[in-house]
Amino acid sequence: MSSVTARNPVVLVIDDEVQIRRLLRITLEANGYKVIETAGGKDGLVEAATRRPDIVILDLGLPDMEGVAVLKRLREWSRVPVVVLSVRDRDEDKIAALDAGADDYVAKPFSTPELLVRLRVALRHAQPAQEETVFQMGDLTVDLAGHQVAVKGCEVRLTATEYALLRLLVRHAGKVLTHRQILTEIWGPNAVEQTHYLRVYMARLREKIESVPSRPTLLLTEPGIGYRLVTQG
Amino acid sequence: MTQTDRPNPDELLADLHREEQRQGRGTLKVFLGMCAGVGKTYAMLEAAQKARREGRDVVIGYVETHGRRETDALTEGIEAIPRTPVVYHGVTLTEMNLDAVLARRAPLTVVDELAHTNAPGSRHPKRYQDVMELLDAGIDVYTTLNVQHIESRADTVREITGATVRETVPDTILAEAEIELVDLSPEDLRQRLAEGKVYVPERAEAAARNFLSEGNLIALREMALRLAAERVGQDVRDFMQAGKIAGPWKTGHRLMVAVGATPHSEQMVRWTRRLADSLGCTWIAAHVATSRILSEDEQTRLTRNLSLARTLGAEVRGTTDEDIVRGFLRIARGQNVTQIVVGTPSVPGPWILSGAGRKLQRLIREAGSIDVHVVRAEGGPEAGLRRLWRLPAEAAWSQYFKALAVVGAVTMLNEALASFIGARTVALIFLMTVVGLAMNLNRGPVYMAATVSALAWDYLFLPPPYTFHIGSVEDAVMFAMYFIVAMAMGHLISRIRAKERMDRRREEGATAMYLLTLELGDASTWEEIGRAIASNVNRAFKANAALLLPDTGGNLRGELTEKELAAAVWAYEHAQPAGRFTDTLPMSEAMYLPLHTAGSALGVLRLRWQQSMPPTIEQRTMLDGFQRHISLVVDRQRLREAKAQSQLMAESERLSHTLLNAVSHELRTPIAAIKTAASGWQPGLDPAIQNALLAEIREATERLSRLVANLLDMARLESGYVKPRLDWCDVNDIVNAALKRVGGELAQRDVSVRVPAAFPLVRADSRLIEQALVDLLLNAAMHTPAGTPVEVNAVVEEQQIAIAVADRGPGLTAEAMPRIFDKFYRAPGAAAGGTGLGLSIVKGFVEANGGNVRVSNRPAGGASFTILLPKLEQPNT
């Protein structure tokens, strides 16, 4: 209700359930979005190409084609942010969607405020011009240009890997990064199975930047999927 | 009424049984003639036409009209089932298409020439077996038969005409048949022959000269008439008995024929059958196996004699005994036999002094109240000679050579020693040699060694040397003594050995049976049963065995070729052996033995023999035991499965009932709440009430989605779908994720979490453990008073990692403790709501991760549920 920009963002909803589409239209329009709906994946791709939405809400179980297939086709030519909304809550499905290029994943049943937050985060990421050099959240400050990390104003010394990990999370702040994505980025494609690296480095990172490391408030675990750095929203 | 006036209960029972069998079984009508050309086919077709005119559905399965015009004309109007061609050695023969006839299922089928032998490769070797199958299928059959083709008359026919009859039909098939005699006077027949109505002229002449001479015809006619008359007698007896008309009842005769490997045994079998027929009693064919190894020929003949007896309706019994007479008498007494039939050789001469003669006398003497028929065997001179001077079996020749060689060697040794030890000591060395040979060789070679060594001693050592002449009386006595002692020793020792061998064989049989019983007793699954059968059959018979069982549809399954499967299915459906070494589909690779108990077919035992000879009588007896025992085991296993199945059904019925009850309650409550709150909402309401209603809706949906999640988890566990994705996990992450999810439910409580610093990683599926923790936390929230604290403690134990959820509630009763993880179990007095699924899901998920769940009451009050996971070596980073 607050962060709507001057122009009302256009959201394309691809979902075969009429009731869900109706509900989304009500809540989204009440929050300042313009809504386009389609029931099928093929129509959805056509709408995405012709109407150029600012963001897409995609269901996975579509009658004409699989949601992940829609996502892959879409990613061939578009970088429009996609939030997957599905009853499928298995980790495999979430990871597959995120690895295929989804920006976020919300499982049905969902709460309206949560969906709105995820949409805002996804929209913000889609604006590359706004790349900030200094990230500030709670007690944590990360200066990407100066390679400096501070908690409550005190500088924190990080190893090269810890810093690389934090920088990756900061660059995608608010978005879920899958284990595979992080491992590939930091340790290389051969390390995608070595999830224990992540557990260990994430625990060390939390020791240094969280006030209560065992109850993290910044570096959140997305169970079974990956990690997310919290941003305001 | 005296004892003998009353109908014999056994016979009445048999009668009832026969009556039962007849129902649903087709009847056989045989048009019997004395020989070819009397007009059997004509009479049969006439009868068929008559039946057709009376409105019966008649088909021709097979009719051979030999191009006779009058006969051809009679086939008109009757549907003929096309014959099936069988190619054999490049010649195409046509046979009755049994399957087509069976499929057609006409109530009356005409099949000519009952004694016909089918072309090799047909299902049955003989046509009468095809006919039996038709009868079994409930089809009435008209057929034709010449008297010389009846098994028990084949002998007589040979005696009269000098022609050996090869195509024979067992008497048993006629036992149930209606016989219509087709009679023609010999003069008329010869007239017809001359007119060329029976054979083409050139063959007719030869036939008339040989087989169909006037004298033969008269004899054959008499046989046919007598057979028909006997049948009438039997019919009358049957009728009197079925009607319980008192009459001169037989006093339960039972015959036994002694069957050996000799050719005349065959005649004895036929003779006994005729006697049994005329006495109207049952009979058995008995065989006593001794330690003597039968030659291949003898083995084949014995098997043939016994199977002949079986086809003639005898019950076959076998035993093992070194003393044949004792063996036969044991069987006779055990079977309540009243009369024994034995054969004697027909060769003139002092046979009464021979071994056979002595045995016969003993048999007569020891038989006691059992009558003994001694029947003179009619045999050619060749057979007689064979009996007096039996050539040793091939394997025995080497023993003779061995004996000769040893005696030769010892003789040479003695030659060298004689000058030192003297001629008499030499005899002892010879004697020792004979004893040594007796321990290793059969009787014949030992006797020979005794004789040869006696002669060698006489010739070479007894003075005067190099003559057979013996100088002194002393030496003559020595020589005689030596001979007698050597023979006696040889005889005694080989008898002991033979007995030993036989005991061993009997023991082997008993052991094989015992091992089978033992191993099958231990087997509890079909795989184990199959393995036990295969290994035991292999050990006992050197044959590969496999169990073929019907599927749920009752069809026999097994990876077999079509032809093999046909044999297996036939054995299964007819409850009779089929395949190799049997009368049905003998060209098959394997033998198929039906497994059945009291009327119900269970499956088939497939045997692939490695031997090329048909199984011996001993093997058959043992196989029979195996077959019976395996049937029992298969039946037991089937019943056990059926019982387990029904228990399973009852259990799953109970569960689904509980599930329905629990779920319907749990689903309806939140739905009711949502419906009430949503319908009660209206714009003008007090904002506080509006918020309260919305809160109710939110809570109800939470509850609904939790229930659905629980049900889905349960379904995943039940279907075995839960396959944990094991990964290294941080226990802190898991605990935090779980606490976050139950934040609402635990909002009013003091939740303390203790996870020690640098806690080891666990290898588990984090989502499953997280879900388990969530369920434990919700369980604590639901079953403890509001406001009481909840603790989550992670501890490293010696071998495992423990994550405990502990509360300060009432704890668990002793009654609830062991059942707490059972599906749908709800502790007595538990708060309303909940399906009793949560804790069973916890257990399922944790166990899927290789861990387990522990429950205990805390010393200071409250319950503690602990998730235990294996502690593993930490990975390198």
Side-chain angles (χ1 to χ4, degrees), chain A residues 19 23 87-96 106-114 159 161-162 165 176 178-180 182-183 186-187 191-208 210 212-228 230, chain B residues 694 697-698 700-709 712-713 716 721-741 743-744 751-771 773-774 792 794 872-877:
Chain A
Q19 197 179 9
L23 262 170
V87 286
R88 298 186 192 168
D89 64 346
R90 294 188 317 146
D91 296 342
E92 291 87 336
D93 296 317
K94 292 186 186 173
I95 292 167
V106 178
K108 291 178 193 170
F110 54 92
S111 79
T112 312
E114 188 190 350
T159 65
T161 310
E162 284 163 6
L165 193 57
V176 180
T178 65
H179 295 142
R180 172 185 286 272
I182 301 174
L183 285 164
I186 309 292
W187 283 278
V192 290
E193 301 295 325
Q194 314 296 321
T195 45
H196 57 277
Y197 290 177
L198 270 181
R199 310 283 177 212
V200 171
Y201 277 92
M202 214 50 90
R204 289 187 194 162
L205 204 51
R206 280 174 180 156
E207 288 288 337
K208 292 179 179 173
E210 294 278 2
V212 185
S214 65
R215 304 199 102 167
T217 51
L218 296 169
L219 265 176
L220 298 189
T221 301
E222 287 291 328
I225 296 171
Y227 294 91
R228 177 208 303 270
V230 175
Chain B
L694 283 175
I697 291 175
R698 261 201 303 276
T701 50
E702 282 299 315
R703 195 167 154 186
L704 264 181
S705 59
R706 250 200 328 268
L707 175 68
V708 169
L712 288 178
D713 284 346
R716 281 164 68 195
Y721 180 72
V722 174
K723 294 199 180 60
R725 290 191 306 134
L726 296 183
D727 200 353
W728 292 105
C729 312
D730 187 336
V731 172
N732 265 314
D733 279 354
I734 298 176
V735 172
N736 287 333
L739 286 172
K740 203 166 125 190
R741 280 176 54 194
V751 181
S752 73
V753 179
R754 263 185 310 188
V755 180
F759 200 77
L761 297 179
V762 293
R763 191 152 174 81
D765 185 322
S766 61
R767 299 308 302 274
L768 295 183
I769 302 300
E770 175 193 321
Q771 184 58 46
L773 266 179
V774 166
V792 180
L872 301 170
E873 205 178 310
Q874 297 294 302
N876 297 325
T877 47

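Quick note on labels: first sequence line is chain A, next is B, and so on, each numbered from 1. In this text the structure is predicted, and so the values were computed from the model without any measurement.
Annotation for A:Leu218 and A:Glu210: closest pair N-OE2, 2.9 Å, computed over non-hydrogen atoms. A:Arg88 and A:Asp93 get closest at one heavy-atom pair: CB-OD2, 3.5 Å.
Of the atoms belonging to A:Pro109, it is side-chain heavy atoms, and not backbone ones, that fall under 4.5 Å from chain B. Proximity to chain A is limited to the side chain of B:Val753, based on heavy atoms less than 4.5 angstrom apart. Only the side chain of B:Leu739 has a heavy atom closer than 4.5 Å to any heavy atom of chain A. Residue contact with chain A, scored on non-hydrogen atoms closer than 4.5 Å, involves the side chain of B:Asn736 exclusively.
The residue among B:Arg698, B:Arg725, B:Gln874, B:Glu770 with the most heavy atom pairs within less than 4.5 Å of chain A is B:Arg725. Interface summary for chain B: among A:Glu222, A:Arg206, A:Glu207, the most heavy-atom pairs under 4.5 angstrom belong to A:Arg206. Between chain A and the residues B:Ala757, B:Pro875, B:Ser766, the most heavy-atom pairs under 4.5 angstrom are made by B:Pro875. With respect to chain B, the highest number of heavy-atom pairs below 4.5 Å among A:Thr195, A:Val200, A:Asp91 belongs to A:Asp91.
Remark: side-chain polar atoms of A:Arg199 are paired, donor with acceptor, to backbone N or O of B:Trp728 under 3.5 angstrom. Checking side-chain atoms of A:Gln194 against main-chain N and O of A:Leu183 turns up no donor-acceptor pair under 3.5 Å.
By the 30° and 60° cut-offs, the orientation of the rings of A:Trp187 relative to A:Tyr197 is tilted.
The distance from the CG atom of B:Leu707 to the CD atom of B:Glu702 is 12.5 Å, given to the nearest 0.5 Å.
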